[in-house]
There are 2 protein chains.
Amino acid sequence: MARTVKENETRKKIIEAARKLFSEKGFEGVSMEDIAQASGVRKSLIYYYFPSKEVLFEEIWIQIIDELENELFAETESDGNITRMIKRIIRKYIDFVMNKEELSKLIARERLNVMESESQLKRAKTKYSGFLKRLELLFEKGREANVLNDIEPSTATELVTTVGAVHRKGILRNIEEFLLKVLLKERPEH
Amino acid sequence: MARTVKENETRKKIIEAARKLFSEKGFEGVSMEDIAQASGVRKSLIYYYFPSKEVLFEEIWIQIIDELENELFAETESDGNITRMIKRIIRKYIDFVMNKEELSKLIARERLNVMESESQLKRAKTKYSGFLKRLELLFEKGREANVLNDIEPSTATELVTTVGAVHRKGILRNIEEFLLKVLLKERPEH
DNA sequence: TTATAATTTGACCGAACGGTCAATCAAATT
DNA sequence: AATTTGATTGACCGTTCGGTCAAATTATAA
């Protein structure tokens with residue numbers, strides 16, 4: 001039987017160290033030795049918990065996208081008002097970028113590589129594509145309800161996820177306003 | 001004496017192949033062997049023209065930032081009207097992102113790594129810092145002339161350069177409007 | 001107390017990487 | 001024609017990388 005307390009400690013330390021390093025330097029810029037040193041274990045122990053560097057990255061990526069999806073979609077989808085739903089999701093997305101800098105920086109840094117990967121990072125790509133699809137479906141509904149401006153849902157999705165690379169907190173609220181203005185037909189209230 | 005025609009051909013081929021690959025996969029994601037194969041020469045020939053991978057990257061980076069600066073600043077700085085100058089520069093920047101996709105994607109992909117590098121890529125960093133400084137000085141002038149909104153020039157600079165990561169042409173004009181709205185006190189004209 | 005299982009380690013491996021160098025080839029000069 | 005110079009190549013090097021494995025240590029179960 002697993003010593004769950006101890007396993008959770010070491011495994012968690014590895015994940016936390018790796019996430020921090022991936023956020024700072026990206027997947028290719030970090031070595032397994034870097035992660036080992038940052039987490040205080042020997043490199044070969046990482047392979048006891050994770051079969052490869054790629055799987056470790058994917059697990060972190062999936063955790064992050066899970067957390068992002070929980071922030072954005074947890075309570076929103078039961079709302080009948082599509083405009084309010086879009087507003088709330090944009091708001092929560094900007095909150096996420098502001099408050100979870102390590103996570104949002106990792107997404108900003110690696111999302112292109114994840115999306116463009118072919119034979120690698122399949123699970124990461126699937127996860128992220130699923131997230132983008134959920135966003136796009138929401139904008140699709142907005143278009144059908146005739147509250148979206150003349151903008152393709154896929155384009156709206158890319159706009160939102162790209163401007164998430166801005167991290168100066170002083171302008172993220174400007175960006176929120178900008179997004180609402182570009183996306184929704186009604187003018188955002190103050 | 002140099003056989004300048006022939007040297008220009010091979011050297012140019014190497015630079016073009018490298019730029020394309022760096023744009024697609026980033027500095028760390030491309031090997032010298034990749035570049036050699038893409039340019040149709042043997043890897044060791046690259047070292048005949050460039051002492052290292054880092055120097056090759058820096059030469060490409062400097063060319064790109066030169067081109068960007070030429071687009072943005074070539075005729076603008078003699079204009080006395082600071083509002084018009086800022087408008088024109090934002091316009092030209094969006095034009096650059098739309099029309100020079102390979103270059104703007106390389107900047108978007110590597111600018112964080114360039115700015116955060118410590119012992120490497122010094123010339124690339126210096127070049128990019130210089131470019132950012134020029135932008136910031138322009139916004140500084142805008143603030144002094146009281147035409148900038150309540151936004152730090154350094155923040156304005158980061159906003160402009162970050163949203164340059166958006167490549168969907170359908171929304172770059174929206175972004176231009178957004179930038180002008182956020183940065184300038186007067187409303188942008190249509 | 002002993003046995004077993006889980007965790008952890010140090011040593012090691014093959015491949016890929018950035019880079020070097022002597023040799024060869026092609027072009028230019030004498 | 002011979003020599004010199006520039007361009008190009010194949011073979012090779014040392015280092016770093018992702019990853020493996022047997023042994024040792026620690027924790028748990030019997």
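Below, read A as the first sequence line, B as the second, and so on, with proteins coming before strands; counting in each chain starts at 1. What you see is a predicted model, and the numbers here were worked out from it, not measured in a lab.
Following chains of ILVMFWY side-chain contacts shorter than 4.5 Å, one cannot reach A:I65 starting from A:L112, and the two form parts of different hydrophobic clusters. With hydrophobic clusters built from ILVMFWY side chains whose heavy atoms lie under 4.5 angstrom apart, B:I90 shares a cluster with B:F73. When hydrophobic clusters are built by joining Ile, Leu, Val, Met, Phe, Trp and Tyr residues whose side-chain heavy atoms come closer than 4.5 Å, directly or via intermediates, A:L132 is grouped together with A:Y93.
With rounding to whole Å, A:Y47 atom OH is found 14 Å from C:dC12 atom C1'. Per the geometry, CZ belonging to A:R11 stands 16 Å off P belonging to C:dA6, to the nearest Å. The nearest whole Å value for the distance from the CG atom in B:L21 to the P atom in C:dG18 is 12 Å. Between the CD1 atom of A:I14 and the C1' atom of C:dT7 there is a distance of 11 Å, given to the nearest Å. D:dT20 atom P lies 13 Å from atom CD1 of A:I46, rounded to whole Å. Distance CD (A:E54) to P (D:dG19): 8 Å, rounded to an integer number of Å. When the C1' atom of D:dG18 is taken as reference, atom CZ of A:F50 falls 16 Å away, rounded to whole Å.
A heavy atom closer than 4.0 Å to some atom of DNA chain D occurs in A:V30, A:S31, A:M32, A:K43, A:S44, these being the qualifying members of residues 29-44 of chain A.
Nearer to the 5' terminus of DNA chain D, by closest-nucleotide assignment, is the contact made by A:E28 (compared with the other of A:L45 and A:E28).
In this structure, C:dT30 and D:dA1 make a Watson-Crick or G-U wobble pair, each of the two defining distances being under 3.5 angstrom.
Pairing each heavy atom of B:R109 with each of B:F22, the nearest pair is CD-O, 3.7 Å.
Inspection of the A:Q37 and A:E33 side chains reveals an N or O donor paired with an N or O acceptor under 3.5 Å.
One finds a salt bridge joining A:E176 and A:R173 here, because a Lys/Arg side-chain nitrogen approaches an Asp/Glu carboxylate oxygen to under 4.0 Å.
Using a 4.0 Å cut-off, some side-chain N or O of A:Y49 falls inside it from OP1 or OP2 of C:dT8.
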